[in-house]
Enquirer: 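Attaching a single structure in structure tokens format; questions to follow.
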Amino acid sequence: SQQGEEDPQALSIQEGENATMNCSYKTSINNLQWYRQNSGRGLVHLILIRSNEREKHSGRLRVTLDTSKKSSSLLITASRAADTASYFCAVSGNTPLVFGKGTRLSVIA
Amino acid sequence: ETGVTQSPTHLIKTRGQQVTLRCSSQSGHNTVSWYQQALGQGPQFIFQYYREEENGRGNFPPRFSGLQFPNYSSELNVNALELDDSALYLCASSFSGTGGIGELFFGEGSRLTVL
């Protein structure tokens, strides 16, 4: 399966703290993508990192990719209450994108 | 705003009925994917269409079927509805090229309740 698996399942932090979520996968990939979902809404693309990249930034987001360990991490710095959502990773290879169960992030004001 | 629209947003059906969900993809995208998301779970891949042909299918029975039209709009049809089909159905459009699947643009989903 090319599914990414997120860890932890749930994370609760105070506003202003950093949040780190991890993703592991099992096969070779072309790229890895992170998405965010507010409750009951559609998923929103956050960032895509290609297999030949090791780190990527977008605003308060930092994504790393270690293809030797088949893992990725998403760091949200200086979290805000509005960052409360579920976060999913998905890997892209020769098959359609599949998603894991996600990490539910709660940011407490 | 992703430019992907789904209809209807909510609907209620009874067991055994049939349902058709619709999706209008973003302009320029050649791929549409459908996902089923039960409450508290991640999106489960149903199938994907590339240039009007199904080119990937998840672990869903044949009563889940789809179509992609020349204007890249799409339909998801589910026959003989079961209670477990109650879920949020998400459509996502993208552009597929040699670098694998790019960013998915999701609609807001169709919430199906089967009674």
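FYI, side chains are in, hydrogens and waters are out, and symmetry mates aren't considered; it's all heavy atoms of this structure. On a predicted model such as this, the values are computed, not experimentally measured, just so you know. Every chain is numbered from 1 and lettered A, B, ... according to where its sequence line falls, protein lines coming before strand lines.
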Enquirer: For the CD atom on Glu53(B), are there more than 12 heavy atoms of other groups (residues, nucleotides or ligands in this structure) within a distance under 6.0 Å?
Expert: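 No - once you tally the heavy atoms of other residues, nucleotides and ligands closer than 6.0 Å, there are 12 at most.
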
Enquirer: Would you say Val78(B) and Leu67(B) are hydrophobically clustered, going by side-chain heavy atoms of ILVMFWY under 4.5 Å?
Expert: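 Different clusters: Val78(B) never reaches Leu67(B) through Ile, Leu, Val, Met, Phe, Trp or Tyr contacts under 4.5 Å.
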
Enquirer: Is there a continuous path of hydrophobic side-chain contacts, each under 4.5 Å between heavy atoms, that joins Phe45(B) to Leu21(B)?
Expert: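 Different clusters.
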
Enquirer: So, for Gly100(A) and Pro43(B), which heavy atoms are closest and what is the spacing to 0.1 Å?
Expert: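 So the minimum-distance heavy-atom pair works out to O-CD, 4.3 Å.
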
Enquirer: A side-chain contact here means heavy atoms from C-beta on lying under 4.5 Å apart; do Phe106(B) and Tyr35(A) qualify?
Expert: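 A side-chain contact exists here, since the closest heavy-atom pair is under 4.5 Å.
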
Enquirer: Side chain from CB out, backbone as N, CA, C, O: work out which of these in Leu90(B) comes under 4.5 Å of a heavy atom of chain A, or both, or neither.
Expert: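 It is the side chain, since no backbone atom gets that close.
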
Enquirer: Please classify the contact of Arg57(B) with chain A as side chain, backbone, both or neither, using a heavy-atom distance under 4.5 Å.
Expert: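 Answer is neither: Arg57(B) stays 4.5 Å or more from chain A.
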
Enquirer: Do Tyr25(A) and Leu46(A) share a hydrophobic cluster (ILVMFWY, side-chain heavy atoms under 4.5 Å, transitive)?
Expert: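 Yes; Leu46(A) is reachable from Tyr25(A) via cluster members.
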
Enquirer: Give, as side chain, backbone, both or neither, the part of Leu48(A) having an atom under 4.5 angstrom from any heavy atom of chain B.
Expert: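 Answer is side chain: those atoms of Leu48(A) sit under 4.5 Å from chain B.
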
Enquirer: Stepwise, does the side-chain contact (heavy atoms from CB on, under 4.5 Å) test hold for Leu43(A) with Tyr35(B)?
Expert: CA-CA 11 Å; Leu43(A) 279 73; Tyr35(B) 293 84; over 6 Å; no

Enquirer: Identify which part of Glu108(B) has an atom lying under 4.5 Å from any heavy atom of chain A, answering side chain, backbone, both or neither.
Expert: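 The answer is both parts of Glu108(B).
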
Enquirer: Side-chain heavy atoms nearer than 4.5 Å, only ILVMFWY residues, links allowed to pass through others: does that put Leu11(B) and Leu83(B) together?
Expert: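 Looking at the clustering, Leu83(B) is in the same group as Leu11(B).
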
Enquirer: What's the spacing between Leu88(B) CG and Ser39(A) OG if we round to 0.5 Å?
Expert: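 Nearest 0.5 Å value for the CG-OG distance: 10.0 Å.
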
Enquirer: Using a cut-off of 6.0 Å, state whether more than 12 heavy atoms not belonging to Lys101(A) lie near its atom NZ.
Expert: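 Not buried by this count: 12 neighbours or fewer within 6.0 Å.
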
Enquirer: Is it true that, when you exclude Arg80(A) itself, more than 12 heavy atoms of the residues, nucleotides or ligands shown sit nearer than 6.0 Å to its CZ?
Expert: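 Counting neighbours around CZ of Arg80(A), 12 or fewer heavy atoms of other residues, nucleotides or ligands fall under 6.0 Å, so no.
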
Enquirer: Heavy-atom distances under 4.5 Å only: say whether Phe47(B) touches chain A with side chain, backbone, both or neither.
Expert: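 Neither part.
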
Enquirer: Measure across Leu104(B) and His45(A) and return the closest heavy-atom pair with its distance rounded to 0.1 Å.
Expert: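 Shortest heavy-atom separation between Leu104(B) and His45(A) comes out as O-CB, 4.0 Å.
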
Enquirer: Give the member of Arg111(B), Gln44(B), Glu103(B) that has the highest number of heavy-atom pairs under 4.5 Å with chain A.
Expert: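 Answer, by heavy-atom pair count under 4.5 Å with chain A: Glu103(B).
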
Enquirer: Using non-hydrogen atoms only, which part of Gln6(B) is less than 4.5 Å away from chain A: side chain, backbone, both, or neither?
Expert: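 Interface part for Gln6(B): neither.
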
Enquirer: Gln37(A) versus chain B, heavy atoms under 4.5 Å apart: side chain, backbone, both or neither?
Expert: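 Looking at Gln37(A), just its side chain touches chain B.
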
Enquirer: Using non-hydrogen atoms and a 4.5 Å limit, figure out which bit of Phe99(A) sits close to chain B: side chain, backbone, both or neither.
Expert: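 Its backbone and side chain both get close to chain B.
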
Enquirer: Should the heavy atoms of other residues, nucleotides or ligands under 6.0 Å from CG of Asn59(B) be counted, would the total exceed 12?
Expert: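 Not buried by this count: 12 neighbours or fewer within 6.0 Å.
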
Enquirer: Please answer: with hydrophobic residues joined when any side-chain heavy atoms are less than 4.5 Å apart, are Leu97(A) and Ile46(B) in the same cluster?
Expert: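 No, no single cluster joins them.
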
